[in-house]
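Structure first, then comments.
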Amino acid sequence: MNEAKDVVTMAHGSGGRAMQQLIDQLFLRAFDNCWLNQREDGAQLSLASLSAQGDLLAFTTDSYVIDPVFFPGGNIGKLAVCGTANDLAVSGATPGWLSCGFILEEGFPLVELQRIVSLMAQTARDAGMAIVTGDTKVVQRGAADKIFINTAGIGVIPGAVNWSARAIKAGDKVIVSGTLGDHGAAILNLREKLGMDLGVESDCAVLAPMIAPLRSLVGIHALRDATRGGVNAILHEFSAASGFGICIDEQALPVKPAVRGLCELLGLEPLNFANEGKVVAVVAAHAEEAVLMMMRSHPLGEDATTIGVVTQDPQVCLRGTLGVTRQLTLPHAEPLPRIC
Amino acid sequence: MRFVDEFRDPQLAKTLLEQLHQRAGLLPYTADKPLQIMEVCGGHTHAIFKFGLDKLLPPQLEFIHGPGCPVCVLPMGRIDACCEIAAHPEVIFCTFGDALRVPGQHGSLAQARERGADIRVVYSPLDGLRLARENPARQVVFFALGFETTQPVTAVTLQQARRERLTNFSIFCQHISLMPTLRSLLSQDDVRIDAFLAPGHVSMITGAAPYHFINQEFGKPLVISGFEPLDMLQSVLMLVKQVGEASCKTENQYRRVVPEQGNLLAQKAMREVFTLSGSSEWRGLGMIERSGISLTSAYAMFDVERRFSPQAQPVADDPRSRCGEVLTGRCKPHQCPLFGTGCTPHNAFGALMVSSEGACAAWYQYRHQEATIASQPQHKQQQKVSQDE
């Protein structure tokens, strides 16, 4: 399996011996936990242990189809674990258990699958999660793009936590946990073969340890992790759900110079670039300082900053460098670079 | 960030604006009949809206958004021809990203890709050349469009293709020339443009001399301008000074990028590869004499029209659309009956809604919510903005 010539074949999805070998030697060995090792069709989780942690079960799923599969700062496997864990964490849950479904294209190198699975396992372990059930399908060459991963996750929300976009009020502060667009810029540079020496890695990370202490604070209204669509999409989601507007300050946006440079060159906006390790929080004004301090005390939130405020006027606006405020619209589709 | 932040400094902008307000106050123009400055380039239009420069101007000045976005002025029929070429199974069709969603009569290139055509977004014609080397059994076609800004890199790409004797690379040449368009605009009787901001990128190639006819024949002042807000404010101030002093010349604000003579190497490459080829149709503006570009005989073998002979597909613009009038300053984007209803960035009907550089697209993105108050006299809007700030 360690030789580069070994590839995924249709036999690996046949249900026969090749598939059993793949499961035994790769998935079980990497993910190794008591629930998976029972080898039942479904993981059997203790309700008592779940209910001891809180009152609500959080349940989420997402699918990962990224190109390229490997990128600076991670790979599709790490992304799948982080993405699903973060969806749980921003709802206030402690992520506990994950499922993962692989759709593999015939011909995909097994050594690359090994790297993906290893990083998934390590990421889950580091974040205190277990991958407890899974599925593998193989499709013919051309029917999928190398590898697709679906993950679902469950976690438990403590009774005192009630974060929701509907709780947002005018006067609330909007905080981001760090620099915008690192993941989007790193991926664009690779996918489009721009060949720029950005020195920027994907920010792909499990945010749960940074978010967990926030649950003890009063005044947190809503949290979202800003993935596809970037911070701009989250601001519009918040505005639509709450009925209020949001006005952000362009000069307050934390953006790495390399990411900003790439955006300037291509005529794109970092606000629309994807992140995989950043959270947008809307908090009561009295909680602003405490939230910033708590976020900054964790390595994943050291660049946390306030970027704007919730307004009565139900529009998402951006106050520019010259003081002129303009409405911030969502791009209809993926933004395209301009000709000149 | 170097070369960006120093040209967006709010304090310097304030100083320039104070000078601008002071100078403009001396002009014999009123809010009802402001000094109309055409920013020719779509890049300028985008910057005006992005930074809100139009809201910062004194009421005596008004920007008119010109025809300088090559994607916007592309006739529908050319997109249909692109789709026809791209539909050949052996073709890999390469295009700049923002041409992908331009609607033709039978849909856009993006829709053609959904139907199965092999259409790829590239960042340079050189990417197309690389694809041709990597796919010797396929025909790689580059959709070459743009003004003098993008012509040199197409020219250099074809020089390289010729040196390598590549037989599977060709271009669909839809390059156009800016100067004939400006002449055509100024020759129209009822167009009242008082001064021009000339595009920095085109000028970087052409230099300043080609603009002299605008001063000499039409008596209009012109300033070649960069694209950052301070560049543009300084350029407008230079224009206002010219008008105030009753002078009329071509000035170069963008000296850090634009040499007086332009880029001589680029000009040489363009002369070798391209030739002016008579009239060309511009979307929204109609036929403009001596504005089309074709390949010289030495490079004719790279002309895709020789290989695939796409059908000429003249398509009339929707008669309700007022693209031409917006381009010539006769009306504002929101005054077109299709604006925001039949014509949006998601479903562009008219030329200027297509590219993010287009006047209507920029207006839609940055001013859509203000459309209802936009019919108020400009000085009232100005007051409102000042109060808001």
Side-chain angles (χ1 to χ4, degrees), chain A residues 67 142 179 188-196 198 232 239 245 247 249-272 311 313-340, chain B residues 1-5 8-10 13-14 17 41-43 46 49-56 68-71 95-101 110 121-123 127 130 145-147 149-150 153 199 201-202 228-230 233 344-347 355-357 364-370 385 388-389:
Chain A
D67 173 33
T179 52
L188 185 73
N189 189 31
L190 272 186
R191 193 182 61 209
E192 302 297 335
K193 300 183 175 67
L194 301 179
M196 293 188 197
L198 291 180
N232 192 8
S239 176
C247 189
D249 183 354
E250 189 170 25
Q251 287 183 291
L253 299 177
V255 183
K256 288 194 172 110
V259 175
R260 211 175 138 212
L262 182 78
C263 288
E264 291 286 343
L265 269 177
L266 300 178
L268 302 173
E269 295 267 5
L271 271 171
N272 296 327
T311 59
D313 183 15
Q315 285 185 10
V316 178
C317 293
L318 180 130
R319 186 177 168 85
T321 43
L322 302 186
V324 178
T325 301
R326 63 174 161 92
Q327 194 193 354
L328 204 55
T329 51
L330 270 182
H332 171 62
E334 191 174 355
L336 292 169
R338 304 214 310 267
I339 177 172
C340 59
Chain B
M1 186 186 297
R2 285 192 69 203
F3 306 120
V4 175
D5 289 333
R8 295 180 185 177
D9 183 291
K14 191 173 168 222
L17 280 164
C41 176
H46 194 80
F49 285 108
K50 180 174 177 183
F51 295 100
L53 299 183
D54 55 331
K55 290 182 166 185
L56 296 169
C69 165
V71 176
T95 173
F96 290 130
D98 50 0
L100 203 62
R101 296 197 192 117
V121 171
V122 294
Y123 292 80
D127 294 339
R130 179 177 50 76
L145 77 166
F147 292 101
T149 318
T150 52
V153 67
H201 293 159
V202 166
E228 292 298 333
L230 292 192
L233 290 175
T344 65
H346 330 307
N347 186 23
S355 163
S356 61
E357 293 183 20
Y364 187 91
Q365 186 182 354
Y366 298 121
R367 295 281 182 275
H368 190 38
Q369 299 298 317
E370 298 161 27
V385 172
D388 289 348
E389 289 156 15

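For the numbers below, each heavy atom of this structure counts, side chains included, while hydrogens, waters and symmetry mates do not. Letters A, B, ... mirror the listed sequences (proteins, then strands); counts begin at 1.
The two residues A/D313 and A/T311 come nearest to each other via the heavy atoms O-OG1, 3.2 Å.
Residue B/V4 touches chain A through its side chain alone, counting heavy-atom pairs closer than 4.5 Å. With a 4.5 angstrom heavy-atom cutoff, A/L194 touches chain B only via side-chain atoms. Heavy atoms of B/L17 lying under 4.5 Å from chain A are absent altogether. Only the backbone of B/F49 comes within less than 4.5 Å of a heavy atom in chain A; its side chain stays farther off. When heavy atoms are compared at a cutoff of 4.5 Å, A/Q251 approaches chain B solely by way of its side chain, counted from C-beta outward.
Between the side chain of A/R326 and the backbone N or O of B/F51, no donor-acceptor pair lies under 3.5 Å. Side chain of B/T150 to main chain of B/L145: a donor-acceptor pair is present (N/O by atom type, distance under 3.5 Å, no hydrogens or angles).
Of the listed residues (A/L318, A/L328, A/T321), the greatest number of heavy-atom pairs within a distance under 4.5 Å of chain B belongs to A/T321.
Look at B/R8 and A/E264 and you find a salt bridge, because one of the NZ, NE, NH1 or NH2 atoms lies within 4.0 Å of a carboxylate O, short of that distance. Ion pairing between B/K14 and B/D9 fails under the 4.0 Å rule for side-chain N and carboxylate O.
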